[in-house]
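Here's the structure, in structure tokens; my notes come after.
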Number of protein chains: 2
Amino acid sequence: MYENEKKLYEAKAHILKALAHPTRLYMAEQLLHGEKCVCEFVREIDADISTISKHLSILKEAGIVSDEKRGKQVFYHLKTPCILQFTECAVDIIKSNLKERSSLMTRIQVEKET
Amino acid sequence: MYENEKKLYEAKAHILKALAHPTRLYMAEQLLHGEKCVCEFVREIDADISTISKHLSILKEAGIVSDEKRGKQVFYHLKTPCILQFTECAVDIIKSNLKERSSLMTRIQVEKET
DNA sequence: TTGTCATTTGGTAAAATTACCAAGTATGGG
DNA sequence: CCCATACTTGGTAATTTTACCAAATGACAA
């Protein structure tokens, strides 16, 4: 029964949810190349610094990243890089969706014309 | 610049978002064992059938599952099982979060008591 | 055709997410 | 000590998500 395992699914979904935002996904992927301070994200992302800080705190709360204050700066670090392994498969899905949707478009076009 | 790659991050986040709900994650994982009709999910999950149907349609729209009508029933099928590979890593994160948070609790206890 | 089973769709209220601004905290320099 | 820099936090409005009920659709059976 799903009810028994619900807590585990909630925990897993919570982690996915933290990653399921374009900006947060970008941040996590950037951290694959090494730690970054908030100020670096601020330079790259066109959003208010408070928005960026909140996105990072969501990743942190989910346990995906950790932070460390050094001087005036706060550095974020990817704790568990394996969580980003889904990327390759996601790209496959995106490509397959594009294919299916473009062939659907063609079908609609053809149906219109005939 | 993030702005250039934004479309790709949005597409990837869209797929994650579809999975980032306990019920939808459960459904996708169940489909690892083979296709299932909506009625089977209805038996397992304590939610309105319309809610279950809508969750399935979100997974379908994201390109994670496909559906096929056979007789009166609609069968759902996992198109790209690799998208669920993150699970193992997610469990690692959950365990590590539990450890950190329980040690935090202990620390708070200790601080209170001393 | 009429009914029934299996599922989807439309509508809606409640809850959650998001982004911004403004104000607060912490650190190091002068 | 005072100030600037680097962030975080609180407040809030707009948007999105979620779940339910009710009604619609589609397939088969009588």
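Just so we're on the same page: letters track the sequence lines, and every chain starts at 1.
- If Ala47(A) and Val42(B) are placed on DNA chain C by their nearest nucleotide, the residue sitting closer to the 5' end is Val42(B).
- Across all strands, Tyr76(A) comes closer than 4.0 Å only to sugar-phosphate atoms, never to a base (heavy-atom distances).
- In this structure, Arg24(B) reaches the dT18(D) phosphate: one of its side-chain N or O atoms is under 4.0 Å from OP1 or OP2.
- At the heavy-atom level, Lys69(B) lies under 4.0 Å from the strands shown only through sugar-phosphate atoms.
- Relative orientation of the His21(A) and His55(A) rings is tilted, given thresholds of 30° and 60° on the angle between their planes.
- Counting to the nearest Å, the P atom of dT17(D) and the NE2 atom of His21(B) are 12 Å from each other.
- Atom NE2 of His14(A) is separated from atom P of dT17(D) by 18 Å (rounded to the nearest Å).
- OP1 or OP2 of dA19(C) has at least one side-chain nitrogen or oxygen of His55(A) nearer than 4.0 Å.
- A donor-acceptor distance shorter than 3.5 angstrom exists from the side chain of Ser57(A) to the backbone of Lys54(A), with no hydrogens or angles considered.
- Atom CD of Glu35(B) and atom P of dT7(C) are 12 Å apart (whole Å).
- In this structure, Leu19(A) places its CG atom 16 Å from C1' of dT17(C), rounding to the nearest Å.
- Counting only heavy atoms from C-beta on, Ser53(A) has its side chain closest to dC7(D) among dC7(D), dC20(D), dC20(C).
- Distance CD1 (Ile58(B)) to C1' (dT17(D)): 8 Å, rounded to an integer number of Å.
- For the pair Glu40(B) CD and dC5(C) C1', the interatomic distance rounds to 16 Å; values are reported in whole Å.
- What separates CG of Asp46(B) from P of dT18(D) is a distance of 17 Å, to the nearest Å.
- When the shell of 6.0 Å around CD of Glu10(A) is examined, it contains more than 12 heavy atoms from other residues, nucleotides or ligands.
- For the pair Lys12(A) and Tyr9(A), the cation-pi criterion (under 6.0 Å, within 45° of the ring axis) is fulfilled.
- In this structure, the side chain of Glu40(B) engages the main chain of Cys37(B) through a donor-acceptor pair within 3.5 Å.
- In this structure, Ile49(A) reaches the bases: a heavy-atom distance under 4.0 Å links it to at least one base atom across the strands shown.
- Within 3.5 Å, no donor on the side chain of Ser50(A) pairs with an acceptor on the base of dC7(D), nor the reverse.
- Nucleotides of DNA chain D nearest to Lys17(A) and Asp67(A) differ in position, and the one nearer the 5' end is that of Asp67(A).
- Rounded to whole Å, the distance from NZ on Lys72(A) to P on dG30(C) is 9 Å.
- Distances shown here put every side-chain N or O of Thr51(A) at or beyond 4.0 Å from the OP1 or OP2 atom of dA19(C).
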